[in-house]
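The figures that follow rest on heavy atoms only: side chains count, while hydrogens, waters and symmetry mates do not. So that the names make sense, note that chain A is the first sequence line, chain B the second, and so on, each numbered from 1.
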Amino acid sequence: MSTDIFNKFDNFLHDLCKKLINNKIIKNDIKLQNIKFEIPKDENNGDLSTNALLVLSNVSSLSFKEFSEYLINELNTIEEVDSVELAGPGFINLYLKNTIWYSCIENINNEGKTFGFENVGNNQNINVEYVSANPTGPLHIGHCRGAVIGDTIANLCNKMGFNVSKEYYVNDAGGQINELIKSVLHRYKLLSGTVENSNDADIEYKGEYLQPVTEYIYNQYGTALLDMNQIEYSSILRDCTIDFILKIIKEDLKKINIEHDVFFSEMSLIKNNELVDCLDTLRSKDLLYYGVLPKPKKIIDVEYDEREQELFKSMNYGDDVDRPVTKNDGSHTYFASDIAYHFNKYNRGFSKMVNIWGADHAGYLKRVKGSLHAITDGKADLTIVLCQLVKLFRDGKPVTMSKRANKFITINEVVDEVGCDALRFMMLFRKNDAPLDFDFSKVTEKSRDNPVFYVQYAYARIFSVSRKLEEFNLNIKFNYEDLKNSNYTLLNDIQEIKLIKKLSYFPKILKLTLQTYEPHRIAYYLYELSSEFHSLWNKGNDNENLRFIISGNKDLTKSRLSLLFAISNVLKSGLDIIGVNAPKEMN
RNA sequence: GCGCCGGUAGCUCAGUUGGAUAGAGUACUUGACUACGAAUCAAGGGGUCGGGGGUUCGAAUCCUCCCCGGCGCACCA
């Protein structure tokens, strides 16, 4: 079942093209995708507009005039079409009968939560990996944008018929973890009294969040770790600390409505020999070799260890240079385990993958895509969504963060101050490849300038009508059973029709968002829909006949309420995907 | 030096993946509450879409060359 009423028109057009090709009226070297209906920006240009004449008249054996007449006649045969006109530069514009909009309300309310979500995934597996911050401390605001974008994409995929795994890749094997262990060990020694002063100049992680886990370890083991060899105590410190920090991270994520299905350990790839096997595979494909990398241009007068190392031929895949898989201490690079991780995803049945990365990792893109292509013989499809950084402001002034001084703003702090709804919505209220300014003072404002509030207010207003309804003794309830099959033809104000049209675009927005992986489109759509609703509301202020509840007129009230019910359905669906609450009352 | 991403109204930003006279918010000016929540709405002015060239029926969008800003560029992640 398709909930997008516009599909029908595109299909009609494409069938028509095929017919014309078969009859040799047009040449067959055209791309059907380019011939389409669009919703004109200017409503004076109809409800739908097609470029078919513009695109096809050049490859047609008919004259422009003959061809236009033919197309117009054909389009006039569509049941829902009221009139067809040839416009200025060669567009053909359709004006649709109002019945199509009325059936749209009925569809929305009948389908409820499923309206707009076409099954494009067909149960195909998709792996969405996001956040994946190093387990060395709590999440800070910089992680937040990718987290929300990834989560929204995952939600959408799920609703559009994909079988989604939300994943977090845990880098529990690299050098940063060793630094983390050193930091905890230092605290442990202080606690057990074996170190007196806290000369911690060479300690990388100085955050107080490490104190509880240190105390936990001390309570558990006492001073026993001091008698163990390094391998033994490192292992204990590592396991306890990572467990502990992951617990903090999971709690932080839960506060912004995020729960991953899988936390995947980098270490497991090493323990299971998957990493080694992957490198072997690449060697067998002749994609690894020993070579010396040229000195990077950026390095001037700094010591550069020009040495031979094992490299992956990422230049074969468009990268600037080939990339090392082993470090100078002989251990593997992060890149090497990343190859194994992505191959592991593929082997778990995910030939479709999406990764959400910060823009600072953009340089990493080609080698990862290249290596995945190499090791799966091009059978895996990886999309990488890059998101730009978030700049924090308070009252228009930038808030400084410094990792060195251990002064970073955590997600926890932001949620406590502005709430999950505002945070999530604002993270999506910018396209992901543009930098985002996040102003604490603005997102708590209760005005049109704050889109979160504006959309939620629209939803709450609808339910204020449903509460008001009880005072009128019209014997109607605000639910589908009572509102279905209303006399929709009573909805004939321009603004009412405009709103229904906007509702009918929802399926298109969802599809486009899925194709582009650009979830900001949903946030903007909800904002626009809310705006149309507020506009209709105020029309009722000026003209009592346009209010939603009309005393003594049950039929009209029912039809108006069914429109409100449809709006509330779509607002709710949209807010659900982006993970923001839909409150029935504001406070 | 190379690569990636941006440059759209005074300011903050959208722009249906090449469509018609480029749109919102904000700010400024002016109007609408005996109320279904005015926390809202209506109206007005405001533009060389960074600049040049190209592709075509048609470009903010695609190609190319410059200018400006952000991020990245061995062994970290």
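- Taking the P atom of each, C63(B) and C75(B) are spaced 30 Å apart, rounded to whole Å.
- The side chain of Asn171(A) has A77(B) as its nearest neighbour among A77(B), G37(B), A32(B).
- Distances shorter than 4.0 Å separate none of the side-chain N or O atoms of Tyr459(A) from OP1 or OP2 on A39(B).
- Heavy atoms of Gly90(A) sit nowhere under 4.0 angstrom from any nucleic acid atom.
- Considering every non-hydrogen atom in both Leu575(A) and Ala582(A), the closest pair reads CD1-CB, 3.8 Å.
- Across all non-hydrogen atoms, the minimal contact from Ser314(A) to Arg323(A) is OG-CG, 3.2 Å.
- In terms of phosphate contacts, Lys391(A) brings no side-chain nitrogen or oxygen within less than 4.0 Å of OP1 or OP2 of G69(B).
- For the C1' atoms, the distance linking C13(B) with G47(B) amounts to 15 Å, nearest Å.
- Nucleotide A35(B) holds its P atom 10 Å from the CD atom of Glu544(A), rounded to whole Å.
- Residue Asn328(A) has its side chain nearest to C75(B) when only C75(B), A38(B), G37(B) are considered.
- Across C76(B), C41(B), A39(B), the shortest atom-to-atom separation from the side chain of Thr333(A) is found for C76(B).
- Contact detail for Leu180(A) and Pro135(A): the closest heavy-atom pair is CD2-O, 3.6 Å.
- Nucleotide A35(B) is matched to nothing when pairs are restricted to Watson-Crick or G-U wobble geometry with both distances under 3.5 angstrom.
- Ion pairing between Glu204(A) and Lys182(A) fails under the 4.0 Å rule for side-chain N and carboxylate O.
- Phosphate contact (OP1/OP2 of A77(B), side-chain N/O of Trp357(A), threshold under 4.0 Å): absent.
- In this structure, the CG atom of Asn450(A) is 11 Å from the C1' atom of A39(B), given to the nearest Å.
- Remark: Lys345(A) engages Glu129(A) in a salt bridge, criterion side-chain N to carboxylate O under 4.0 Å.
- As rounded to the nearest Å, G51(B) and G7(B) have P atoms that lie 12 Å from one another.
- Lys539(A) has no side-chain polar atom (N or O) that falls below the 4.0 Å cut-off from OP1 or OP2 of A42(B).
- Counting only heavy atoms from C-beta on, Glu585(A) has its side chain closest to G37(B) among G37(B), A77(B), C4(B).
- For the pair Asp47(A) and Lys501(A), the salt-bridge criterion is met [side-chain N within less than 4.0 Å of a carboxylate O].
- C67(B) and U30(B) have their C1' atoms separated by 42 Å, with the value rounded to a whole Å.
- Relative to the side chain of Arg461(A), the nucleotides A74(B), G3(B), U40(B) differ in distance, and U40(B) lies closest.
- When both distances must be under 3.5 Å, the Watson-Crick or G-U wobble mate of U26(B) is G10(B).
- Comparing the same atom, P, in G69(B) and in G23(B) gives a spacing of 31 Å after rounding to whole Å.
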> Taking protein heavy atoms under 4.0 Å as touching, what does nucleotides 13-28 of chain B look like 5' to 3' if B marks base contact, S marks sugar-phosphate-only contact and - marks none?
Replying inline: SSSBS-BB----SS--
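- Checking Ser530(A) against Leu546(A), the closest nucleotide of RNA chain B that is more toward the 5' end is the one next to Leu546(A).
- One atom, CG of Leu365(A), and another, C1' of C73(B), lie 14 Å apart when rounded to the nearest Å.
- Taking atom CG of Leu469(A) as the reference point, atom C1' of G37(B) lies 16 Å away to the nearest angstrom.
- Using C1' as the reference atom, U26(B) and A9(B) are 11 Å apart when rounded to the nearest Å.
- Across the C1' atoms, G45(B) and G37(B) are found 32 Å apart, a figure rounded to whole Å.
- Checking C41(B), A39(B), C4(B) against the side-chain heavy atoms of Asn538(A) singles out C41(B) as nearest.
- Between Glu518(A) and Lys431(A), no side-chain nitrogen of the basic residue sits less than 4.0 Å from a carboxylate oxygen of the acidic one, so the salt-bridge criterion is not met.
- Here, A35(B) and C28(B) have their C1' atoms 29 Å apart, quoted to the whole Å.
- Using a 4.0 Å cut-off between a side-chain N of Lys or Arg and a carboxylate O of Asp or Glu, Glu496(A) and Arg560(A) qualify as a salt bridge.
- Closest to the side chain of Ser535(A), out of U40(B), G3(B), A42(B), is A42(B).
- Of the listed nucleotides (A77(B), U40(B), G3(B)), A77(B) has the atom at the smallest distance from the side chain of His361(A).
- A donor-acceptor pair shorter than 3.5 Å can be found between the side chains of Asp322(A) and Tyr289(A).
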